[in-house]
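Below you'll find the structure, written out as structure tokens, and then a few comments.
So that the names make sense, note that chain A is the first sequence line, chain B the second, and so on, each numbered from 1. Note that these values count all heavy atoms, side chains included, but never hydrogens, waters or copies made by symmetry. Predicted model, so just to flag it, every value in this text is computed and none were measured.
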Protein chains: 2
Amino acid sequence: MLSDLNYKHLHYFWAVARAGSVTAAARQLGMTAQTVSGQISRLEQHIGRALFTQQGRGLVLTEAGRMALGYADRIFQLGEELQEMLADEQLDHTLRLSSGISDVLPKSIAYRLLQPALALPQRVRLHCTEGAFDQLLHELSSHSLDLVLADRPAPAAAQQTLQSYLLARCPVMIFATPALAERYQSGFPHSLQRAPLLLPSRDNVLRGQLEHWLDERGIRPDIVGEFKDGALLHTFGEQGAGLFPAPAFAASDITGSGKLCLLGLVEGVEEQYYAIANRRKLQHTAVQAIIQHAESE
Amino acid sequence: MLSDLNYKHLHYFWAVARAGSVTAAARQLGMTAQTVSGQISRLEQHIGRALFTQQGRGLVLTEAGRMALGYADRIFQLGEELQEMLADEQLDHTLRLSSGISDVLPKSIAYRLLQPALALPQRVRLHCTEGAFDQLLHELSSHSLDLVLADRPAPAAAQQTLQSYLLARCPVMIFATPALAERYQSGFPHSLQRAPLLLPSRDNVLRGQLEHWLDERGIRPDIVGEFKDGALLHTFGEQGAGLFPAPAFAASDITGSGKLCLLGLVEGVEEQYYAIANRRKLQHTAVQAIIQHAESE
DNA sequence: ATGATTATTCGAAAAAATCTGATAAATATT
DNA sequence: AATATTTATCAGATTTTTTCGAATAATCAT
């Protein structure tokens, strides 16, 4: 890494660029012009290029200075926001956890996975966003999210900054209404030949695994629907549109009402649930709780 | 404004939060743990709230600390980008001007307005983006643009940070193909009653002015087309789709080829061209040139 | 219990920032 | 044209901040 930038110097540079002159900036800062001028010289010396050039008895930004000004603007705007945020009372009372939930994730699972955070002794306020995997990862990187729940780990390219934790894995089973179940029950899984089947959409990792499982056994079902949203898939299944896969977790919920029956296990296929967070040593307390709870199981 | 944040302290805080402990951070920074610990205490004292709490023999972030960490991440990431940018050779050679051009602005006018920047003694590299007015203003605020050209000034709400300069004003005239001109020439402007007319779309300020001009005179033309893009409007006009308004600037270009004739002046209506930039004393050299050139006319 | 690890406190030393006084260049004023 | 004012900068003394060394208290592993 480069030797560190002196933000105090940068702040003076910023003030001068905004005020239009060393004198004016010094007046605003409550300092002498000599000091400000000197400190900026130090900055220029440190970075090895001029930020201002003298023109007449005033200063003009160099190209480097102009670019630097853009960065300085953003940096000190963030600094001011930070101070405002810190000045806000009623901050330390509740712990905030901003989590993003991948839209391919079953909602009931999301609740289970987040549960350990809510069980903490402190008051926790949960902020949930739903969205596409890539978009959520982006928000994670820009630090507007603390945690992302998804059905896959972060891509290898992001391993430098993001860390993925396998929270849970769950066998997958096929369910159906009693009418359909009766017809396709015997001889499972080969009975699925030409059976009406509902599948998750292609951006769901489970989709690939299921197709592979079917291929391996030479089963060619009649795919009557693809669903991005697991809840929607479930609803269609409940109406008898077709057989459908669901994580074993949900088995009791699904068969409990009596409207749906279990056909069988999709052997060798399991759904996986990951938590993805920024890679750092000191994790968010709530994130820690979620990961540790998963490890202990 | 609040008393200033010490970015050196914040940097230590950031290092500790990332490294996971004072000791580890100190080692990475090449300093003693005492120093780092002490400087962070100063920061906490300054902002008046704890960022870490001791847990066991380690540290845990408080809620305030967690929020601060998010800001620190962004701040120091920008700082590193700034340093990388400054380390880049071949920077001072050419002056970059990133300008956004509102999509309702005639392209030929945009060139005229930017011309003074290209006439500078320095080498200038122009980066042009086209887009909706609001979007461009947003990019201006986030400092990814130096300048926006539009047909209106920045809204009053943004007057604090943005400054608008009237670059030019230009009377508006009505043009048409010879065939149409012959028919609607005499008795202008009242001859426009039920005449086929091409107009700019509603997000163009000129549109409102033209309608007002027509209303005032009780003229109800037959509006055969609305165009967001001025060039497209011009092309349709050239093909004889209808009479069309254009800035007087372009009069000689338009009538020069002989394919189009001037019908008359739209009295009291003029198109205005504004440059909008971030409000600061030390402007971009190229922006200065553009504004000064306009003032001198 | 003992030894190792971690954060913190205190005072001295080192480094950095700031001020006072003075100089040079450019512009404005007379 | 001569003079005064404004602007940036230089040099040295002074103040403030940062840093380190030594010592202490708390926690964890063995």
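One can place CG of A:L59 at 7 Å from C1' of D:dA8, the figure rounded to the nearest angstrom. For the pair B:F52 CZ and C:dT6 P, the computed distance is 15 Å after rounding to whole Å. Distance, A:L61 CG to D:dA8 P: 13 Å, rounded to whole Å. One atom, CG of A:D4, and another, C1' of D:dT19, lie 16 Å apart when rounded to the nearest Å. In this structure, the CZ atom of A:R27 is 10 Å from the P atom of D:dT6, given to the nearest Å. Atom pair B:K281:NZ and D:dT7:C1' shows a separation of 15 Å (rounding to whole Å applied). In this structure, NE2 of B:H11 is placed 14 Å from P of D:dT18, rounded to the nearest angstrom. Atom-to-atom, OH of B:Y7 to P of D:dT18 comes out at 15 Å; the value is rounded to the nearest Å.
Using cut-offs of 30° and 60° for the angle between ring planes, the B:Y7 and A:F76 rings count as perpendicular.
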**Study point:** Sequence-aligned protein contact record of nucleotides 14-26 of chain C, with B where the base is within under 4.0 Å of a protein heavy atom and S where only the sugar-phosphate is
**Key:** ---SBBBB----B
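Judged by distance alone, with hydrogens and angles left aside, the side-chain atoms of A:E63 form a donor-acceptor pair with the main-chain N or O of B:R96 at under 3.5 Å. Without hydrogens or angle criteria, B:D146 side chain to B:S99 main chain gives no donor-acceptor distance under 3.5 Å.
With sequence neighbours left out, the side-chain hydrogen bond (donor to acceptor under 3.5 Å, both in side chains) criterion links B:E139 to B:Q135. For B:H138, there are no side-chain hydrogen bond (donor to acceptor under 3.5 Å, both in side chains) partners, not counting sequence neighbours. In this view, A:K281 satisfies the salt bridge (Lys or Arg N to Asp or Glu O under 4.0 Å) rule with no residue, not counting sequence neighbours.
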Listing, residues 14-29 of chain B side-chain donor-acceptor contacts under 3.5 Å, not counting sequence neighbours, or none:
unit_1 : atom_1 : unit_2 : atom_2 : d
B:W14  : NE1    : B:D73  : OD1    : 2.8
B:S21  : OG     : B:A24  : N      : 3.0

Check your understanding: Between A:H284 and B:R66, does a side-chain hydrogen bond (donor to acceptor under 3.5 Å, both in side chains) hold up when you go through it step by step?
Key -> CA-CA 7 Å; A:H284 192 296; B:R66 259 202 47 260; 3.1 Å; yes
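Axis angle across the helix from C:dA1-D:dT30 to C:dT30-D:dA1, with five pairs used at each end and values rounded to 10°: 30°.
Put simply, B:T23 has a side-chain N or O that comes within less than 4.0 Å of OP1 or OP2 on C:dA7.
Note that B:R152 lies outside the cation-pi zone of B:Y274, set by a 6.0 Å cut-off to the ring centre and a 45° limit from the axis.
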